[in-house]
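This report refers to the structure that appears directly beneath it.
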Amino acid sequence: MSGTSPRHPAALWVCRVFSTFPRLTLAILLLGFLPVLFVPVWMNGGTYPGWQGSFVPLSLWAWFCYVLAPANAEFPSRKVRLKTLLRAPDVWAALLFMIFLGIQTWNSDRMRVFDFDAGRWGYSPPRHPRLPWSFSQEESMEMIRWFAPVFTVFLMYRYAAPLRSSPKTVFFIILNSVLAALLALVHQFAGWNLMYDFWGMGEVWGIARDSGPDTFGSFGYPNNAATFYFLLFSFALGLFLRELLRDSAERRPLVVFAGGLLSLLFFFTAQFSVSRSGILGVWLIFLMNVLILGIVGWPRAHPVQRFYAILALCLTAVTLFAGFKLFAQPIHLREWTTATAQLDPGREFSARFFQVESAWAIWRDYPWFGTGGWGYPFLVGFYLAPEYWGLLGMGKANVHNDFFQFLCEFGLVGMTLLFIVFLGPVIRLLRDLRLPVHDDRSLWADPLRFSLSCGLLLMVAHSMIDLPFRSPAVFAHGMLFLL
């Protein structure tokens, strides 16, 4: 009958679904966004080549879902979405960078040859010397598999308002992180020698990657795991403090409880990651948050409130330290001693500085397009004096400085494009850092943003002596928190 609602069950279902576009839009966006964010976490942090095959298809799937999702009040039509993306400098920079990596990968596979004039082994010239090139197609392809999910997570979250506004996005990110942390703790205290207790990471340069200290939960490199978990600790602690400091009428006890519990979980996971960066990272984040709360809140607090705050701080610090000592194994206590009493930052940096000097020298010879993905290990031997060759053991043929390794391998062109992708949020962060405390936009006025900024700052500091940005899982979560 004309003017009546449909009676057929299928028609009723269609009407019900398309009458709730906000929920349908969010569901489709999450269906694309969450897998590309989560899968690298469970695939060795995204660093094991044998497990990277799904990263590019998942990225394409995420963008397909972005296009497929219907419009609603906060998500414009497909035509408007496309215009927004085409006008965005970061989108163009990401696209051009991926094309740049594609050219490097295509113009690759330089052969090892003997140079009779120089009397040493070298490499054949690129097929097209004026274009970006790389040494190994497979290793250069790894860069595409790394950056595809990172760019997808960053840009999709930035340009999909329903993802940013919905608590469900945060809930699923927390849930995934909690499961990964629990696995890491089980791995550590159950004494597993293999990832997931059954999977060896194969061989790298003929050396089996089956020893326990080389894996932590779903990460094949404990230092990457440590960065991942101290980032999550900064998020959980900021969430806890922001909710705790709300007006009592607006405070949500469940969020306070969840934030406190998550803070403890990620704190201890980072502490037990068998990594000095994890041990130092969580304590520094904790102390920086305490310091800013003291600077901002101390003058406004009543003497009684100050007393209770000091008491709570002391009890918290004692509880955290006692919890670590109670469950720590000899390997954790050894790392704790190395990270505290025996810590020598100057020695840590100078021990790797020869690699930074080598990367700088290589870049000066290949300034525009660099040497291609993983190009540094192919050339470092030519730039090192023979007395340093013995230092290039397993894992040491990396610069252990993300900036200089990326500069060496991508050159000025690649690095410029990479900076443009993330420049907008960085500028906003620096701008908000200068705003006074009483301004709601100020970084100092929001404990969550401040705590996350502390985590990101330590991640950047860690990248000066290691390689956290070469883990897609760590990189993607770091850029997500930057937003």
Side-chain angles (χ1 to χ4, degrees), residues 33-34 36-38 40-41 45-46 59 62 85 88-94 97 146-161 163-166 169-170 172-174 176-177 224 226-239 241-242 266 270 277 281-282 284-285 288-289 292 402-403 406 415-435 441-464 466-483:
F33 176 78
L34 295 180
V36 76
L37 177 65
F38 292 169
V41 174
S59 300
L85 293 178
D90 51 358
V91 173
W92 278 106
F97 184 76
W146 282 1
F147 282 98
V150 171
F151 287 162
T152 298
V153 166
F154 177 79
L155 295 172
M156 193 170 173
Y157 191 78
R158 189 174 189 189
Y159 291 103
L163 288 177
R164 297 194 308 274
S165 62
S166 174
T169 308
V170 177
F172 284 118
I173 292 172
I174 290 174
N176 183 71
S177 304
N224 285 343
T227 308
F228 181 73
Y229 290 114
F230 77 56
L231 274 176
L232 290 169
F233 172 71
S234 72
F235 171 75
L237 182 62
L239 186 69
L241 292 174
R242 183 168 71 172
F266 296 136
S277 60
V282 288
L284 286 172
I285 290 167
M288 283 191 284
N289 276 277
I292 190 60
D402 278 326
F403 173 82
F406 284 151
M415 284 297 286
T416 300
L417 293 172
L418 198 55
F419 274 125
I420 292 173
V421 175
F422 305 112
L423 187 60
V426 171
I427 290 176
R428 181 172 65 92
L429 185 71
L430 295 175
R431 182 200 65 200
D432 294 349
L433 187 66
R434 300 176 58 188
L435 294 175
R441 297 171 299 167
S442 171
L443 194 70
W444 312 100
D446 186 345
L448 176 58
R449 290 190 64 202
F450 177 81
S451 185
L452 281 173
S453 300
C454 293
L456 291 170
L457 178 64
L458 289 179
M459 179 183 178
V460 172
H462 186 211
S463 75
M464 294 179 184
D466 214 326
L467 41 151
F469 287 100
R470 297 179 85 82
S471 166
V474 177
F475 198 171
H477 279 77
M479 295 305 98
L480 187 66
F481 292 152
L482 178 63
L483 291 170

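Quantities reported herein were computed from a predicted structural model and do not represent experimental measurements.
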Take Ser451 and Ser234 through the test side chain to side chain contact (heavy atoms under 4.5 Å, CB included) and record every step on the way to the result.
CA-CA 5 Å; Ser451 185; Ser234 72; 3.8 Å; yes
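- Side-chain contact between His462 and Met459 is absent, with no heavy-atom pair separated by less than 4.5 Å.
- Here Leu435 pairs with Asp432, Asp439, Arg441, Ser442 under the side chain to side chain contact (heavy atoms under 4.5 Å, CB included) rule; sequence neighbours left out.
- Looking only at distances, a side-chain donor or acceptor of Arg164 sits under 3.5 Å from a matching main-chain atom of Arg158.
- Rounding to the nearest 0.5 Å gives a distance of 11.5 Å between CZ of Arg431 and CG of Leu433.
- Side-chain atoms of His477 and Leu37, non-hydrogen and from C-beta on, do get closer than 4.5 Å to each other.
- Ring geometry for Phe475 versus Phe147: interplanar angle over 60°, hence perpendicular rather than tilted (30 to 60°).
- For Phe233, the ring pair (Phe, Tyr, Trp, His ring centres under 6.0 Å) criterion is met by Phe267, not counting sequence neighbours.
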Would Phe422 and Met479 count as a side chain to side chain contact (heavy atoms under 4.5 Å, CB included) if you check the C-alpha gap in whole Å, the side-chain angles of each, and the deciding distance to 0.1 Å?
CA-CA 8 Å; Phe422 305 112; Met479 295 305 98; 3.5 Å; yes
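- Taking every heavy atom of both residues into account, Gly455 and Phe230 meet most closely at O-CE1, 3.6 Å.
- Taking every heavy atom of both residues into account, Gly478 and Leu231 meet most closely at CA-CD1, 4.0 Å.
- With rounding to the nearest 0.5 angstrom, the CG atom of Leu423 is 9.5 Å from the CG atom of Asp90.
- Once rounded to the nearest 0.5 Å, the distance linking OG of Ser453 with CH2 of Trp444 reads 9.0 Å.
- Expressed to the nearest 0.5 Å, how far CZ of Phe235 lies from CG of Leu448 amounts to 6.0 Å.
- Taking 4.5 Å as the limit, every side-chain heavy atom of Leu480 sits out of range of all side-chain heavy atoms of Phe154.
- Here the shortest heavy-atom pairing between Leu241 and Pro447 reads CB-CB, 3.9 Å.
- Asn176 contributes no side-chain N or O that, together with a main-chain N or O of Phe38, makes up a donor-acceptor pair within less than 3.5 Å.
- Between Arg449 and Leu429, some side-chain heavy-atom pair lies under the 4.5 Å cut-off.
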Would Ile174 and Ser177 count as a side chain to side chain contact (heavy atoms under 4.5 Å, CB included) if you check the C-alpha gap in whole Å, the side-chain angles of each, and the deciding distance to 0.1 Å?
CA-CA 5 Å; Ile174 290 174; Ser177 304; 5.7 Å; no
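- Side chain of Trp146 to main chain of Ser471: no donor-acceptor pair is present (N/O by atom type, distance under 3.5 Å, no hydrogens or angles).
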Run the numbers on Leu458 and Met288 for side chain to side chain contact (heavy atoms under 4.5 Å, CB included), then give the verdict.
CA-CA 11 Å; Leu458 289 179; Met288 283 191 284; 4.0 Å; yes
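- What you find for Asn224 and Pro468 is that their closest heavy atoms are OD1-CA, 3.6 Å.
- A 4.5 Å side-chain heavy-atom check between Thr169 and Phe172 finds every atom pair outside the cut-off.
- Going from atom CZ of Phe266 over to atom CG of Leu232 covers 4.5 Å, rounded to the nearest 0.5 Å.
- Counting all heavy atoms, side chain and backbone alike, Val150 lies closest to Ala476 at CG2-N, 4.1 Å.
- Of the possible donor and acceptor atoms, none in the side chain of Thr152 sits under 3.5 Å from a partner among the backbone N and O of Pro149.
- With respect to the salt-bridge test (charged N to carboxylate O, under 4.0 angstrom), the residues Arg242 and Asp446 qualify.
- Classified by interplanar angle (parallel below 30°, tilted 30° to 60°, perpendicular above 60°), the ring pair Phe151/Phe97 is perpendicular.
- Leu85 approaches Val91 most closely through the heavy-atom pair O-CB, 3.5 Å.
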